[in-house]
Amino acid sequence: MAVSDPAAVHAVLRSHFGDAIGDLAGTRPDNAGTTVAPSAIVEVCRFLKTETGLAFDCLSNLSGVDYPKRNIIEVVYHLYSYRYRHLFVLKVEAPRDNPAVSSVAGVWSAAEWQEREVFDLLGVTFEGHPDLRRILMPEDWPGHPLRKDFVEPEEYHGISTSRESLLKT
Amino acid sequence: MSLTGFEVEIQREVDGGLTTEDMTLSMGPQHPSTHGVLRFVVRADGEVMKEAIPDIGYLHRSIEKISEKVGWHGFMPYTDRVDYVAAMFCNQGWAMAAERLASIEVPKRAEYCRIIAAEFNRIQSHLLSVGSMAMDIGAYTPFIHTVREREYINDLIEELCGARLTFNYMRIGGVAWDIPPGWREKALSFLERFEPLIDEYNALISYNKIYTERLRNVAAISAQEAIDYNLVGPNLRGSGVRYDVRRDLPYSVYPELDFDVPVGSGELGTLGDCFDRYMVRMREMKESCKILRQCLAQLPQGPVIAKVARNFKPAAGDCYVRIESARGDMGWYVVSDGTAFPHRCKIRTGSFAAMSIIQKVSRNLMIADLIAVIASFDLVAPEIDR
Amino acid sequence: MSLINTAPEMALTTKIDDFLNWTRKSSVWYMLFGLACCAIEMMQTGGPRADLDRFGAAPRATPRVSDLIIVSGTLTLKMALRTKVLYDQMPDPKYVISMGSCANCGGLFQLAYSVCDGVDKVIPVDVYVPGCPPRPEALTEGLIKLQEKIQQERWLVRKPVAANA
Amino acid sequence: MQELVDSLVADGFVPGGLPLWVAYLGAMLVFGGIVVFVFILPIAGITTWVERRVAGRIQSRIGPNRTGPAGFLQWLADGIKSVLKEDIVPSAADVPLFKLAPYVVMTGFVAAFVVVPFGGPLIIADLNVGILYLTAVTALVVVGILMAGWASNNKWSLLGGIRSAAQIVSYEIPAGLSILPVVMLAGTLSMQGIIGHQGWAPWTWHVFDNPFTFFAFFILFVSALAEGNRTPFDLPEAESELVMGFATEYSGLRNLLFFMAEWGNLYVIGAVVTTLFLGGWQIPLALADHPVPRIVLQFAIFFAKAYFWVFVAVWLRWTLPRIRVDQMMIMCWKYLVPIAFVNFMGTAVWMVLFPAGVPAVRVLLSLTAAGLLVAFARRVVFHVRRALLTREELSFNPLSTARVMSRG
């Protein structure tokens, strides 16, 4: 029996994980979800994947969002079930100065590269990730560019990163 | 399960027989078959690969960061460059995300214009994929023939929006231009001519003995594996999963249209091998023609763009839009903080997922097979790197 | 070769120069070097409608036999280092066409943190083709301009090409 | 050759006191030089032009058309430009081997022309082991390619070299086994002798002699394509896999030599199959009495026959995909070698059973071949006509630049 309504999914999670699950947020099917405590994310994900009636067999999207005002980095998991065709969103908030979240690469293989990307661009450390290294940027790149306070380096291997505008006099 | 000849060789080596030194090859970023700038570090024992480790990021153009700098309307041209082979879908994804955040109703005619443009673009993208697949297998001519057909679609789209490749056709709330007079007939006459050509391509290359031998049973991916690695689009359907965003999470006017979702059937070998992925694209082009005929027939009258403020500021919140791009389920996770600039835009693309599975499926293949695998996934470099 | 740029200017030497330049310009083999969006237009240019092969320009897979590198598309910093290596691997005389706004100056992606604003920061460029992406006709025009440039070169005679040429 | 020098000596053209061997050597160098520069290099060059033009037509393009009439001088421009390019020797390469390799390949290819009968008496040396010599020297190419692959110190080159070695050595066997039936029929290894055993008429050609030689002909052609590294067997330089295979690190003149050998080899392939199976330069005697027009006619007929197979090879290249290396080996050892062996044995049995041949079988086979050609020609005409029809329909877009640009 499929539990497709986000509210019902949330209720199931609440009953299993208690305080680790935040309130239900979002109004549309594509953004309805909840926050999860960073420590519980792997268990929650495994539960969502294996529990009959939920069967979120696909991690559709894993992204990180930087919120400098709230001083957190949010890791967002968009889950999808090919079996029951329903969606759910999980959000994990990590402190901005030393973000660390448990890796779900053991639950969905798709998470492996997506976590590497979030690590590369936002500097979130995924604990338990099999191969956590930069993926898009070169190994010797300074900083994590998708953070809001990222400053572009002046030059990279002798190539300056700015260009004088011809329009200026 | 019996081992094939080369697996026996590897097994013997694992068992401690004759030991040879592995060869590490760097394939790319400039390599004729990498379709842009990808790199594979190949560990090979002669012709047999132990492993191909993808190395990406050579075309990372920080499009996601730019979205935070240029504003909602201003980001539209950049979406073209996310996937330049199928730019219309990226346009549509961004427009739909903004519309969903701001709860804008798009006029019916605009929706139809979008679908028409997008399906033409899908044919174009699949043509390139099919052609470059043949080129990578060593047949240069089919590629040139598909390029020839692409030119005619380019003509059509150019008349529609003024650009050949990076269309920038859609706007938040609709499309930029209405369909010009006389365009419908041209589009229909193109379809008239193009549909038989698909059969001709099948005759020329798809069922060529050498070609099928090169593709069948190579890098078969089971449905389970495909879902686990989040393969989408033709790559997923090649593994036999009948899933299409257009049908299963319908958006725009797709519910009003009648079309099939072709899936791989393992007709010549294992289910989910390179040939299945290839044939899914071949058949999807026919389906696109079907959709286009319906759209061109049903095209309603009316405006093509809703009234959207120049200074567009959607309400704070986030949304996750999924559309069926030529390379499959494309996810746009857009966060708005209520200002004139998006807070974050993450684009989840099919090629990125397909790239991540290559390391797994490439074990014990031959070097020549790796080329077929890369081509069968229809990778487009900027879609991986963004 | 000590002959280069040492012979006196005579009708014969200029004729020889013209002939050699004719061979060079008639056989500009370009390297298959697709970077981004423009690479698709480059393929279309090699396709049936624009057909670069008419000018004797055939695609080649390795830099060792290429005369021309068409930098087609956005050059990221990560790729810029590789591009320089590729350029160094080409044998002289070698030419560069910078195709599209991104390769010319960074174009749309000047705002980006990871993009090299213009290929001329890494390798010398002979012809800039504007456009985002340039149409096949524009790239063909770029090739013809390059051929004009090649035709004016002097190998035997030390005589600078007129500045306004 | 020898007769020529002897007659020159007799006529006093050679200064007295000059040892005769010097005269022979000089004559050989002069004649060889003429053949190399007047025939071999242009034939290789023109083949590149033909290849590009044919490829253009196959791909609905035009192909080179800016240099000379219909781009005919394209090969000259390519060649001279390549000679003038900078010559790069990679610093990690094995320099002597790297420099030597192209010349070894070139030697193997040029030496093959020694026994190619261009027409009537036009042959550099009608060796009594002609066809054996030819298979031997063409196999020299593999040494050069392997040297190139190894010396480049590039892994793509190495893979290409290894593939080439495996390929050429393997395909020598079906090729050799397919030559044997002809040698048995003709009773000689000499090229002129083999041609002499056939007549001008198709039903007197070896290919139609019996069903076994008919198949042997195709096996020889396929094996020759594989030895010449042509599609679908172009694995040693597979562009999409190995960049350019064994030639990856070669630039300028050295690269040119490799490619000249490749394209020139096509002509050798055509010449060999023409000589062995298709009646060589034989023309009806009634056609020409005077020696000069006769030789010209013989040369023309031989050239046309040989070049037809060059065209077929080009056409295959732009139609077929490339097979994989293991499939290539399977095809050779599991299919071609056994079939070639059966052909060889079958021909032997046939010769014992029907020492004079069976005219009915000859005519039947010739008619089969003619029928195949007619069926094929009809298909070609059908496709060409349809292509012309669609071309008219295509110009529907006023914005289209197609018509403007395809002119010329």
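Letters A, B, ... are given to chains in the order of the sequence lines, protein chains preceding strands, and every chain is numbered from 1.
- Heavy atoms of A/Val107 lying under 4.5 Å from chain B belong exclusively to its backbone.
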*What do the steps show when you test B/Tyr333 against B/Asp318 for side-chain hydrogen bond (donor to acceptor under 3.5 Å, both in side chains), and what is the final call?*
CA-CA 7 Å; B/Tyr333 178 57; B/Asp318 61 346; 3.0 Å; yes
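- Between A/Trp113 and B/Phe352, the distance separating the two ring centers is shorter than 6.0 angstrom.
- In this structure, chain B has a heavy atom under 4.5 Å from the backbone of A/Leu59, while its side chain stays farther away.
- For a residue to count as touching a neighbouring chain, one of its non-hydrogen atoms must lie under 4.5 Å from one of that chain's; by this rule A/Arg83 does not touch chain B.
- Chain B forms the most heavy-atom pairs under 4.5 Å with one residue out of A/Lys49, A/Arg116, A/Gln114, A/Arg134, and that residue is A/Gln114.
- For the options A/Val76, A/Leu62, A/Leu121, A/Asp66, heavy-atom pairs under 4.5 Å to chain B are most numerous at A/Val76.
- A salt bridge links B/Arg386 with B/Glu64: at least one charged nitrogen is closer than 4.0 Å to a carboxylate oxygen.
- Contact check for A/Thr34 versus A/Val89: no side-chain heavy atoms found under the 4.5 Å cut-off.
- Contact count against chain B (heavy-atom pairs under 4.5 Å) is highest for A/Tyr80 among A/Tyr80, A/Trp108, A/Tyr67.
- For the set A/Ser60, A/Ala25, A/Cys58, the count of heavy-atom pairs under 4.5 angstrom toward chain B peaks at A/Ser60.
- The only option from B/Arg237, B/Arg277, B/Arg327 that meets the salt bridge (charged side-chain N to carboxylate O under 4.0 Å, His left out) definition with B/Glu284 turns out to be B/Arg237.
- Taking the six-membered ring for Trp, A/His16 and A/Phe47 have ring centres closer than 6.0 Å.
- A/Lys69 does not touch chain B: none of its heavy atoms, backbone or side chain, sits under 4.5 Å away.
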